[in-house]
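For reference, the structure is listed below as structure tokens.
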There are 4 protein chains.
Amino acid sequence: MTSEKRRVPAGAAVLRGDITRAIRRALMHELAAVGYGRLSIEAVARRAGVGKTAIYRRWSSKLDLVLETVVAAAGNKLPALDTGTLRGDLSLLFQVVAHALSHPLASQIIPDLLAEAARNPTIDETLQQVLRAQQQEIGGRLIARAVDRGELPADTDLDAAVDLIAGPLYWRLAIARTPLTDTYLDTLVEAVTAALTADAAVPRQRDGSVPG
Amino acid sequence: MTSEKRRVPAGAAVLRGDITRAIRRALMHELAAVGYGRLSIEAVARRAGVGKTAIYRRWSSKLDLVLETVVAAAGNKLPALDTGTLRGDLSLLFQVVAHALSHPLASQIIPDLLAEAARNPTIDETLQQVLRAQQQEIGGRLIARAVDRGELPADTDLDAAVDLIAGPLYWRLAIARTPLTDTYLDTLVEAVTAALTADAAVPRQRDGSVPG
Amino acid sequence: MTSEKRRVPAGAAVLRGDITRAIRRALMHELAAVGYGRLSIEAVARRAGVGKTAIYRRWSSKLDLVLETVVAAAGNKLPALDTGTLRGDLSLLFQVVAHALSHPLASQIIPDLLAEAARNPTIDETLQQVLRAQQQEIGGRLIARAVDRGELPADTDLDAAVDLIAGPLYWRLAIARTPLTDTYLDTLVEAVTAALTADAAVPRQRDGSVPG
Amino acid sequence: MTSEKRRVPAGAAVLRGDITRAIRRALMHELAAVGYGRLSIEAVARRAGVGKTAIYRRWSSKLDLVLETVVAAAGNKLPALDTGTLRGDLSLLFQVVAHALSHPLASQIIPDLLAEAARNPTIDETLQQVLRAQQQEIGGRLIARAVDRGELPADTDLDAAVDLIAGPLYWRLAIARTPLTDTYLDTLVEAVTAALTADAAVPRQRDGSVPG
DNA sequence: ATGTAAGCGAGACGGTACGTCACGTCTTCAC
DNA sequence: GTGAAGACGTGACGTACCGTCTCGCTTACAT
């Protein structure tokens, strides 16, 4: 389904790559413009300047088209980043994420698909794999390096750490959509660093209480 | 449009309150089930067991119906809470918010409308008023009390503080939708308290730079 | 002040006659304008300048309203006519019928109800009583007098005779709706007279054959 | 609109003939069942098992659909009939007409449309063309042959003749809807023959009077 | 070069929803 | 209790798209 070229036994036609690309491009813009709920294959075909059949020949459904394209688009991302300090890693990560989420397509599509994921298990699974898992891995590596350096204790709560890192920035960019300044980013880095360190200083208790 | 009863000059008919309520109830369930994009007036009428006319007699459009109902539903919320300490206030706030966002309807509808707000200015404005403004006010009051008590400095960055408070919890509940434990909440309270305090320790600079 | 007030026992209200008449009048015009199929109580009420309740308090349904009113309107009809000759009787009858069917209301309503009768047994029965039966009786008396006078034989086929009398004129007035001249009426009288006489000359045979 | 196939420049879709026929069939049954006044496109589509679009793609309105279909249905009719005598021609004509009008669809639809024609000029014109004109022509030829044979004089009133031929049978079949026997038909043929002959014997006078 | 299988745009198909209108029923209010 | 006003559910209107499916035309490989 995703392979660009297929081997065929005899005098056969082949799916044209330019059309496939035009459809993907049109899909992203449609998705940003109307969201997954209102997305229609017809509109994608219209925007791409192709027939509806050209789409259905490549993907079996709207869901298939969206997920396959989104996964493909999200694939080429985020090289390793290691600045030597927790604060430096966070600062770099925030800049990269802020840049990525500042793209108009991303800032429209991602919240939309995340909201749709609450209704559609298939979307949920896919996004868990391409977004959450990625974040978990990146955040995990970041924390692990900080632990190795002695900046954080070994029993740091990874889930809470990822929420602390991803939450404020996502909220700011995708929900509040307030303009982002470098100053603000610095403040945020500082605060999250402190939060993680505090989290380390006050590790999870068995009974859920906080030692006074 | 929102008034339940209207004064009329003579022996007149009046919009029935039970029907208005049935429509609102049906709308919330439809909204949770299919989202704003796919929401259809016919489906709402069908679910409510009323005619389409009963809806159009009350609201002029799908947008009107949704916004007016959501505002009405969000109106009855959040009394003042003052526990005497920043940590106590945060803990109570998180519990209240976690309870509210745990409701299946809320956890489906809110992310959906927030995503739609990125496309629709009218939705955006309305949500800014009923959600963000409310959060700003609650967060502002919380911070102000902490400043009064001397727990935080006077120049604490309010925007960043609200993002730090709202972001992680929203991310956890609405995006990751991971089960929430009391222990996790405690950890989060601790971390956010530390972040705010650190934010105080590294206040916003006039030139936007962070003192090295 | 209206003169429609009547003595009632104790503060009791009574259906007002002027409203009843206004409804009947409006009904006839509506019936002519849109036909039975499209007739609506609402339009009748609007034209009569009364509320829908005023109609439903008097008649139980559209069918009831129409039939009761049509029967009432058709009731006051056709005195005895006896000119002394078959041809004279026919001529007078044709003139009376032509005059009646020339009324715009009648020429619109009657074909419409007759067509509707083919679908609606209740209408059919009622029209049979007020129209066909009346025609049968009038035609029957006309034929009987001619038989008494010796102008027609005793075994004249009454059904065929009525068809011969009613058919051409109804066709001309209600279906073809061609202007009617006195000359044409004379010709028709002459022809029908001849037809009846011929019918007499070639009476119905027991075996259904015509003597050659 | 009535053409089954359309020429189109490229790989084009074409209105399917089987669906066109199904719509026409459903229309005739709907028309017989509820009449023109109550006829709804939705009901026709439902009965035909097609979508509304399939109808609107072919005809622009209810009126267009009805007239075009009725004309098409009435088109394939009545070959020349020449038995050699006026009485034979009439007998044959009556049998053919009686057969046609005995069809349940025809006996419901024709009176309904004729009644509607009194209200709707477009229907009127169309029916004049396909029904009345046909009758005029058939009746005219029948009379002309009788004149040629010397059975009728040259100045026979054609209008009156057609009324005499069409009226009684239409009245009997469409209005009275009384069962029809061969005997009755014979009687009618005899009577109408006599009427026409009498009409010949008493031709139209210039002053409209009947010579005494 | 030719044959042919498959890609391609066009568009007809059965549906669904739109927002409006009119209907018969039912309720409320003024008199 | 009569009558007007009007809210109610129902259903049809004609339009706009939707996803599916069937067409001819076109392309590009295999012979």
Side-chain angles (χ1 to χ4, degrees), chain A residues 6-16 19-20 38-46 48-58 60-62, chain B residues 6 8-20 38-46 48-58 60-62, chain C residues 8 10-16 19 38-46 49-58 60-62, chain D residues 6 8-16 18-20 38-46 48-58 60-62:
Chain A
R6 299 174 314 166
R7 281 295 81 202
V8 280
V14 144
L15 296 174
R16 280 167 50 187
I19 288 185
T20 304
R38 283 223 181 291
L39 183 74
S40 80
I41 298 291
E42 186 133 349
V44 174
R46 213 180 302 127
V50 305
K52 285 182 278 187
T53 32
I55 297 181
Y56 281 106
R57 206 170 285 121
R58 289 166 170 79
S60 65
S61 66
K62 179 171 109 170
Chain B
R6 301 174 315 162
V8 279
V14 146
L15 298 175
R16 278 168 50 187
D18 57 336
I19 288 184
T20 303
R38 283 224 181 291
L39 184 73
S40 85
I41 298 285
E42 295 221 356
V44 174
R46 218 179 296 128
V50 307
K52 278 191 291 182
T53 37
I55 297 181
Y56 283 110
R57 209 172 280 126
R58 290 167 169 79
S60 64
S61 66
K62 182 171 104 170
Chain C
V8 281
V14 144
L15 295 175
R16 279 164 50 186
I19 288 186
R38 283 220 183 295
L39 184 74
S40 81
I41 297 291
E42 187 133 348
V44 173
R46 212 179 303 128
V50 305
K52 284 183 281 186
T53 348
I55 297 181
Y56 281 105
R57 203 169 282 124
R58 290 167 169 80
S60 64
S61 66
K62 179 171 108 170
Chain D
R6 301 175 316 165
V8 281
V14 145
L15 298 175
R16 277 167 51 187
D18 58 336
I19 288 184
T20 304
R38 283 225 180 290
L39 185 73
S40 86
I41 298 286
E42 294 221 353
V44 174
R46 217 179 297 129
V50 307
K52 277 193 291 183
T53 37
I55 297 182
Y56 284 111
R57 209 172 280 128
R58 290 167 169 79
S60 64
S61 67
K62 181 171 104 169

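In what follows, every chain begins at residue 1, and chains take the letters A, B, ... in the order their sequences are listed.
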Q: Search all heavy atoms of I19(B) against all heavy atoms of A54(B) and return the closest pair with its distance.
A: CG2-CB, 4.3 Å
**Q.** Phosphate OP1/OP2 of dC8(F) contacted by R58(B) side-chain N/O (<4.0 Å)
**A.**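 It does, given that an N or O in the side chain of R58(B) lies less than 4.0 Å from OP1 or OP2 of dC8(F).
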Q: Indicate yes or no: at least one non-hydrogen side-chain atom of K52(D) is less than 4.5 angstrom from one of V44(D).
A: no
(Q) Using heavy-atom distances to pick each residue's nearest nucleotide on DNA chain E, tell me which of V50(D) and A54(A) is more 5'. (A)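 Here A54(A) is the residue nearer the 5' end.
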Q: Without swapping roles, check the side chain of K62(C) against the backbone of L39(C) for a donor-acceptor pair under 3.5 Å.
A: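 Yes.
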Q) Do the side chain of T20(A) and the main chain of R16(A) share a donor and acceptor less than 3.5 angstrom apart? A) yes
Q. Whole-Å distance between dG9(F) C1' and I55(B) CD1?
A.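 Rounded to the whole Å, the gap is 12 Å.
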Q.
If I take atom CD1 in residue I19(C) and atom P in nucleotide dC31(E), what distance separates them, rounded to the nearest angstrom?
A. 17 Å
Q.
To the nearest 0.5 Å, what is the distance between CZ on R46(A) and CD1 on I41(A)?
A.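 Between atom CZ of R46(A) and atom CD1 of I41(A) there are 12.0 Å.
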Q | Annotated protein contacts, base or backbone, on nucleotides 11-17 of chain F with a non-hydrogen cut-off under 4.0 Å, one of B, S, - each | A | -SBBB-B
Q.
Reading DNA chain F from 5' onward, which residue's closest nucleotide shows up sooner: G49(B) or G49(C)?
A.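 Nearest-nucleotide comparison on DNA chain F picks G49(C).
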